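Inspection log for the structure reproduced underneath, given as structure tokens.
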Amino acid sequence: MIALLLRDLRLAVRAGGGFGLGLAFFLIVVTLVPFGVGPQQEILARIAPGILWIGALLACLLSLDRIFALDYEDGSLDLLVTAPIPLEGVVSIKALAHWITTGLPLVVAAPVFGILLNLAPDAQFWLVVALLLGTPALSVLGTFGAALTVGLKRGGLLLSLLVLPFYVPTLIFGAELVRRGAGGMATQTPLLMLAGITAATVALVPFASAAAIRVNLR
Amino acid sequence: MSIWEYANPVKFMKTTDRILPWSVALAAITLGIGLVWGYFFVPAAENFGGSVKVIYVHVPAAMMAINIWVMMLVTSLIWLVRRHHVSALAAKAAAPIGAVMTLIALITGAVWGQPMWGTWWAWDPRLTSFLILFLFYLGYMALWSAVENPDTAADLTGVLCLVGAVFAVLSRYAAYFWNQGLHQGSTLSMDEQQHIADVYWFPLLLCLAGFILFFIALVLLRTRTEIRARRLNALEQRERMA
């Protein structure tokens, strides 16, 4: 399993578009928003938590179709399915690799983007916490969508239609956590809910993804 | 007699052939009486005026929108566990009806909300969760049409339906946490205190029954169409092989 993780990471780095692309996309979203809504600092500060979360969501979505598609094309997914490790484990590792290449860089870089959007200094900490807790759920749910569409020729658009509704609860609690952090309000409820959603999806969704892959490779 | 017998399409076709005219007629009668009663023979409510009449479409449609997903959940489970082909086709047949019901509930709600709340749309939790439910219906139908092999499509959409049900419910509670509501409380409640007055209640009951019957008729009709389409497909393939 660790070998698989290292392989996926190595592939992501060497094939290009792994660490950098998602981050660059995030930067572009953050840059475009002030052009759209105007440069007033107070407006930007108000919408910053939402924009940062939406940006993270879209950046995550961009790279989803690559999770299984490349392995499906060159046949290594068949090998992974027949390998002596459980497919659920393979899926979890794939999600972890996806998170390390897209989610983690976003978490690390988020405070910088927060400054660009004039996010309140108190909220910086909560932004990092919220993204750190929430992005694993995005990656795991993304593997489910990718598993459903792995055999399809043009699955990209369908993938976003399938996956985005699943992101709603994570987005609500994640953005609410940052908003409350910025306003100096009690953060416990959204924090616990966000952590709960992530824990549940990380534990349960790989089973659904594995089932979908088995169907697709039948 | 058990539902497993109807996994045989021939038997299903034969039985529904007899049931279908009855369910269509019953749906037409109950829905007709309920709507005419509700729209023409019910006094206008004190502070709502004539706009109260929208509930005879809005409430049944909203109820069906949720229950159709539940029905799809059950039929998908039956398909996934027992490979009951007709069951999978019934889930496929129900999805567009559910999507339309969701849309009807959203649109009638907007028509009602404009005079009453002064806005077509508010990010009220109920409205929001219905919008999300609509998105789930769209995704479900898109996945059905995207996958070519019918058995693979049935399996994938079945899994999507199960996971989607969990997340639709989760989104609903998340939406309640996220924003305070404008929408009034539940109309269909057994609690006498918050129950609407009997004058409005009886035609509403008829409309609810009418919508359920209407849905049954539509789902049978669409399932029959799906079975016929699949037979046609099989015949065509045999032709090509020969």
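Predicted model only: the values in this text are computed from it and were never measured. Numbers restart at 1 for each chain; the letters A, B, ... are given by sequence-line order, proteins then strands.
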[X] side chain to [Y] backbone, donor-acceptor under 3.5 Å:
X: B:Tyr137; Y: B:Trp69; answer: yes
X: A:Tyr167; Y: A:Leu138; answer: yes
X: B:Thr152; Y: B:Glu148; answer: no
X: B:Ser129; Y: B:Arg126; answer: yes

Note, B:Lys92 side chain near B:Arg222 side chain (heavy atom, < 4.5 Å):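 A side-chain contact under 4.5 Å is absent here.
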Checking [X] against chain B: side chain, backbone, both or neither under 4.5 Å from a heavy atom?
X: A:Phe173; value: side chain
X: A:Ile197; value: side chain
X: A:Thr170; value: neither
X: A:Leu148; value: both
X: A:Arg180; value: side chain
X: A:Leu204; value: neither

Ring pair (Phe, Tyr, Trp, His ring centres under 6.0 Å) for B:Trp112 and B:His58? Distances and angles first, verdict last. CA-CA 9 Å; B:Trp112 187 83; B:His58 180 71; 7.7 Å; no
Which one of A:Ala147, A:Gly145, A:Pro190, A:Ala175 has the most heavy-atom pairs closer than 4.5 Å to chain B?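 Sorted descending by pairs with chain B, the first entry is A:Pro190.
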Contacting region of B:Leu160 [heavy-atom separation from chain A under 4.5 Å]: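 Both backbone and side chain.
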Could you look at B:Asp151 and say if it's the side chain, the backbone, both or neither that has a heavy atom under 4.5 Å from chain A?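 Both parts, backbone and side chain.
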Determine the option with the most heavy-atom pairs under 4.5 angstrom with chain A, choosing from B:Val159, B:Val163, B:Leu170, B:Ile132.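 Most heavy-atom pairs under 4.5 Å with chain A: B:Val163.
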Does the cation-pi check pass for B:Arg82 over B:Trp79, that is, NZ or CZ under 6.0 Å from the six-membered ring centre and within 45° of its axis?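 Cation-pi check for B:Arg82 and B:Trp79: fails.
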